[in-house]
Protein chains: 2
Amino acid sequence: MKSITIKDVAKNSKVSATTVSRVIHGNSKVSPKVREKVLETIKSLNYFPNENARAIVNKRTNVIGLVLTDISNPFYPTLLRGIENTINKSNFSMILCNTDENPTKEERFLRILLEKRIDGLIIVPTGPDISFLKTFEARNIPIVCVDRVVRNVETDSVVVDNFHGAFIATEKLIQSSHQRIAIIGGNKNIFTIGERFRGYTEALDTHGIVTNQDYIKMGGFTIEDYEQDTLNVFSLATPPTAVFSAGNLSTIGIYIALNKMKKKIPRDVSIVGFDDLVWVEALTPPLTAISQPIYQIGATSAQLLLQRMLHEGPSEKQNIMLSTSLVIRESC
Amino acid sequence: MKSITIKDVAKNSKVSATTVSRVIHGNSKVSPKVREKVLETIKSLNYFPNENARAIVNKRTNVIGLVLTDISNPFYPTLLRGIENTINKSNFSMILCNTDENPTKEERFLRILLEKRIDGLIIVPTGPDISFLKTFEARNIPIVCVDRVVRNVETDSVVVDNFHGAFIATEKLIQSSHQRIAIIGGNKNIFTIGERFRGYTEALDTHGIVTNQDYIKMGGFTIEDYEQDTLNVFSLATPPTAVFSAGNLSTIGIYIALNKMKKKIPRDVSIVGFDDLVWVEALTPPLTAISQPIYQIGATSAQLLLQRMLHEGPSEKQNIMLSTSLVIRESC
DNA sequence: TTATATTATGAAAACGTTAAACCATTCAGA
DNA sequence: TCTGAATGGTTTAACGTTTTCATAATATAA
C-alpha cells in the first residue's frame, strides 16, 4: 500500500524532488526537456501531490469551515451555494458542520476544524457568546459570522435586515386594514427571530395597535408545533384576521392548519411570510413574502472571508447588512 | 505568527515530544505526575494538535468527500444529514462539493479530494462512467455511489427503487380510473429519472394503456420549464386528466401552472408526485406522493463507507436498494 | 545480593512536501 | 582569454507529528 510520492517521480525522471516540485508549480527554473520528462512520469505514475504535506509546510490548507445550524432548513442550501461558488474560484474547499443549535456540538466542530487548520471560518453561531472563537482569533484565523452576530469577539459579518423585513411585512397587513394580527414563529432567543419579533411589535406600535399576547406564538420548533399554534390562535373567541409567519417552517404549518380548518386565504385570513422560497409560489394562494437575498448573503460572506485570508481589503472589520424586500402575491 | 507545536509543549513540560504524544493518545504508559504536568501545559499554551501533520504520518485524514449535484435540490439536505450524523459518530468530517451535473466540475473536485487524501468518497455520479474513480479504486479509497450507480468501477451503492415507485404512482392514477395520464419531469439520461420514466410506461403497458407521446414532457430543468410543460400539455385538444410528477421541482411547476389555469385538483386533474417533502402537505390539496427514505439512504451509505474505511464487513461490494412507499393524500 | 523483568522516558527516523542556499554549466561581453 | 551573470540543477533543512528502538530507572524473583 505504498503511495506514490514526489520522490518516486524524481527517481523515475532522474532528477531531484525539488525539480519535480518546480515543474508542478510551473516555476521557470527548469529546462523544457526536463519539464517534459517530469510531466511524462507524473502522468505515467499517476502521481498526485499530497495536500496534507503541502499544508504543513505552506501553513495553509485551502480549506474553510462552514458551521451552520441545519442544512435541512431551506434557507441554508442557497446560502451554501453562494459561499461555495465564491470560494471555489480561489480553489478553496469547504468542510460542512451542522450544529443543530447545540453549543456543545458547535464547540466540538470548532475544535476539529481548528485541528485541521482551516484557513477561515464562516459560522452561523448558536448564540451570542462563542468562547472557542477566541482561539481562532488568537491564531489569526479569519471568521465571518453570517445571519447572526457574536459579541465576544470582533468579526466580519453579513446579516439581513430582519427587523425591517418584519416591519414592512406587518405593515403590509395593517395597510390591508387588518388590526388583529398574529405572529407565529420560533424561539425569540435566536437572533434573527428576535429581530423579526421586534419588527412585528414595532409596526403594531407605530400604527397604534396594542399587541395582544394571545396572538403571539413564538416558541415553536417543528412544523407540527406551528400547525398546533395556528390551530390554537384561530380557535380563540376573537381570532386574528391576519398572521405574520416569522419563518419558512411556520409558513408550512400555518397553511396546513388553515387548510384543515377550511379557512380561505385571503378571504378569512391574510398571511405574509418570511422567506421567499421556490415552493411558496405553488401554495394556494401563492404567498406574499419577505424575500432575503440568500445567495448573495453567502457570496458576500465568502468574499469577505477571502479578502481576509488573502490579506486584502480594509483592516477594520466589516459588518454588512443586506436588505429584504416584499414580494406581493395573493395571500393578503 | 509562530504556531504552537508539540515541541513547545514538550519544552515547557521538560519532557520529550514523544512523551507529549503519548499523553495525548492516552494509550501507552506515562507516569501520573508527568501526565499531569503535560496536560497542564497543553491547557496553558492552548495547544491543539495539527491534524495535517498527523495525516501524513498516519496515512489517514478522517475526512470523507461528499460529491453531489446540487445541495439546493431539496432531496440532498436530508441525505446529507443522514450521512453526517453517521460519520460524525466515528469522528469523520465531510468536504462537500456540488457538481451541477457537470462532469468537468466533478473531475476537478475528485482530483482535489484525492490530493487532500480523503479516506472515503460518497458520490452521486453525474453519469455512468466516471473515469477518475479508477484512480480512487487504484489507491484503495472506498467509494459509495448513492442514488445513482456507475458501471466502469465496482463500488458499494445505495439506491432507491425508482422504477417501482413510479410504477405504483402511475398505477394509483390508473386505479382512480384515469386513462389519459401525463408525465412531467427532467432529463431521462439521469439514472433516477430514467427509471421513473420506465416505471410510468411499464404501468401504462401493464394496464393496456397506449402511451401518448404528447403526454410525455421529459426534458425540463427549471421550475419555469415544468410550468410551461404543464401549460402546454393541458392546452392540448384532448388534455390528460391526470399527471405523474417525476420529481419535486416539477411538482412545484405543475401546481403553479394548474393554479394559473384555474384547474381544480383533483376535480379537473389528479396528481401523484415523486418525493414527499415537508412542504407538499401545505399545498392545496396536499399532494399524494411517493416517499423515499431519504435520511436512511444517507445513513446507509455512510455505514457502508465506514465499514470499508475501517476494514470491517464483507469484502464483496454491497448494492442496496431501498424501497419507496405511496403516501395517499388528496391530490388524486 | 545479583540477575532479570518491567516501566518510564528519550533520540532519531520517517511521513511527503517546499524553500533556502549552494554549485556547476553555459553564455555575453570586453 | 577571462569575468560576471544567467541558467538549471542539487543538497539540506524545515514543517509537526508518530513510531521504532534504545536506554535508564525501578521493581521482582532467586
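Everything numeric here is computed off the predicted structure, so don't read it as measured data. Chain identifiers are assigned alphabetically (A, B, ...) following the order of the sequence lines, protein sequences preceding nucleic acid strands; residue numbering begins at 1 within each chain.
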A.B. asks: Atom CD1 of B/I6 and atom P of D/dT19: how far apart are they, to the nearest Å?
C.D. replies: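 Going from CD1 in B/I6 over to P in D/dT19 covers 11 Å.
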A.B. asks: If the threshold is 4.0 Å, N to carboxylate O, is there a salt bridge linking B/K43 and B/E40?
C.D. replies: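 A salt bridge is absent here (no side-chain N lies under 4.0 Å from a carboxylate O).
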A.B. asks: Among D/dG16, C/dA8, D/dT18, which nucleotide sits nearest the side chain of B/S31?
C.D. replies: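 So the side chain of B/S31 is nearest to C/dA8.
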A.B. asks: For a quick check of understanding: with a heavy-atom distance under 4.0 Å over all strands, which category does B/N58 fall into, base, sugar-phosphate or nothing?
C.D. replies: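 Sugar-phosphate, no base atom in range.
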A.B. asks: One thing to verify: whether A/E137 and A/K134 come together as a salt bridge, which I'm taking to mean a side-chain N less than 4.0 angstrom from a carboxylate O.
C.D. replies: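 Salt bridge flag = yes for A/E137 with A/K134.
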A.B. asks: Please pick, from C/dT9, C/dT17, D/dC15, the nucleotide with the shortest atom-to-atom distance to any side-chain atom of B/R117.
C.D. replies: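 Of C/dT9, C/dT17, D/dC15, C/dT17 is nearest to the side chain of B/R117.
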A.B. asks: Between C/dG10, C/dT17, D/dT18, which one does the side chain of B/T19 approach most closely?
C.D. replies: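 In terms of side-chain proximity for B/T19, the closest of C/dG10, C/dT17, D/dT18 is C/dG10.
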A.B. asks: Take atom NZ in A/K11; do more than 12 heavy atoms of anything else shown fall under 6.0 Å from it?
C.D. replies: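 Check fails, neighbour count at 12 or below.
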A.B. asks: Could you work out which one of D/dT17, C/dT9, C/dT18 sits closest to the side chain of B/A53?
C.D. replies: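 Selected nucleotide (nearest to the side chain): D/dT17.
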A.B. asks: Within this structure, what is the NZ-to-P distance between A/K11 and D/dT10, rounded to whole angstrom?
C.D. replies: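 Atom NZ in A/K11 sits about 14 Å away from atom P in D/dT10.
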A.B. asks: Could you state the atom-to-atom distance from NZ of A/K37 to P of D/dG9 in whole Å?
C.D. replies: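 Rounded to whole Å, this separation is 13 Å.
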A.B. asks: A/R108 vs B/N91, test: side chain to side chain donor-acceptor pair (under 3.5 Å). Steps then yes/no.
C.D. replies: CA-CA 10 Å; A/R108 180 168 163 269; B/N91 274 302; 3.0 Å; yes
A.B. asks: Quick one: which of D/dG16, D/dT19, D/dT10 gets closest to the side chain of A/R22?
C.D. replies: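 For A/R22, the side-chain atoms sit closest to D/dT10.
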A.B. asks: Counting only distance, no hydrogens or angles, is the base of C/dA19 paired donor-acceptor with the side chain of A/T18 under 3.5 Å?
C.D. replies: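 Yes.
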A.B. asks: Taking only side-chain nitrogens and oxygens of B/S21, does any of them come within less than 4.0 Å of OP1 or OP2 of D/dT18?
C.D. replies: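 Yes, B/S21 has a side-chain N/O under 4.0 Å of OP1/OP2 on D/dT18.
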A.B. asks: Specify the separation, in whole Å, of atom CD1 of B/I4 and atom C1' of D/dT17.
C.D. replies: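 So the two atoms are 16 Å apart, to the nearest Å.
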A.B. asks: Between D/dG8 and A/K33, is there an OP1 or OP2 to side-chain N/O distance shorter than 4.0 Å?
C.D. replies: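 No, A/K33 has no side-chain N/O under 4.0 Å of OP1/OP2 on D/dG8.
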A.B. asks: Using a cut-off of 4.0 Å on non-hydrogen atoms, how would the nucleic acid contact of A/T5 be classed: base, sugar-phosphate, or nothing?
C.D. replies: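 It contacts sugar-phosphate atoms only.
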A.B. asks: In terms of side-chain heavy atoms of B/V57, which of C/dC15, C/dG16, C/dT17 is nearest?
C.D. replies: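 The listed nucleotide nearest to B/V57's side chain is C/dC15.
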A.B. asks: Choose from D/dT18, D/dG9, C/dG10 the nucleotide whose nearest atom is closest to any side-chain atom of B/V15.
C.D. replies: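 Nearest nucleotide to the side chain: C/dG10.
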A.B. asks: Quick check for you: among C/dA8, C/dT9, C/dC15, whose closest atom lies nearest to any side-chain atom of B/K29?
C.D. replies: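 From the listed options, C/dA8 comes nearest.
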A.B. asks: Using whole Å, what does the distance between atom C1' of nucleotide C/dG16 and atom NZ of B/K59 come to?
C.D. replies: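 That distance rounds to 8 Å.
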A.B. asks: Write down the distance between CD1 (B/I24) and C1' (D/dT19), rounded to a whole number of angstrom.
C.D. replies: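 After rounding, the gap between these two atoms is 14 Å.
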A.B. asks: When you measure from the side chain of A/S16, which nucleotide among C/dT17, D/dT11, D/dT17 comes out closest?
C.D. replies: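 Among the listed nucleotides, the one closest to the side chain of A/S16 is D/dT11.
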A.B. asks: Whole angstroms only, please: what is the CG-C1' distance between A/N52 and D/dC15?
C.D. replies: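 To the nearest whole Å, that distance equals 13 Å.
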A.B. asks: B/R139 has an atom CZ; how far is it from atom P of C/dG16, in whole Å?
C.D. replies: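 Distance, rounded to whole Å: 12 Å.
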A.B. asks: Look only at the side chain of B/N58 and the backbone of B/R60, and say whether a donor-acceptor pair between them is shorter than 3.5 Å.
C.D. replies: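 The answer is no, because no donor-acceptor pair under 3.5 Å joins these two groups.
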A.B. asks: Do A/K33 and A/E36 meet the salt-bridge criterion of a basic N to acidic O distance under 4.0 Å?
C.D. replies: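 A salt bridge is absent here (no side-chain N lies under 4.0 Å from a carboxylate O).
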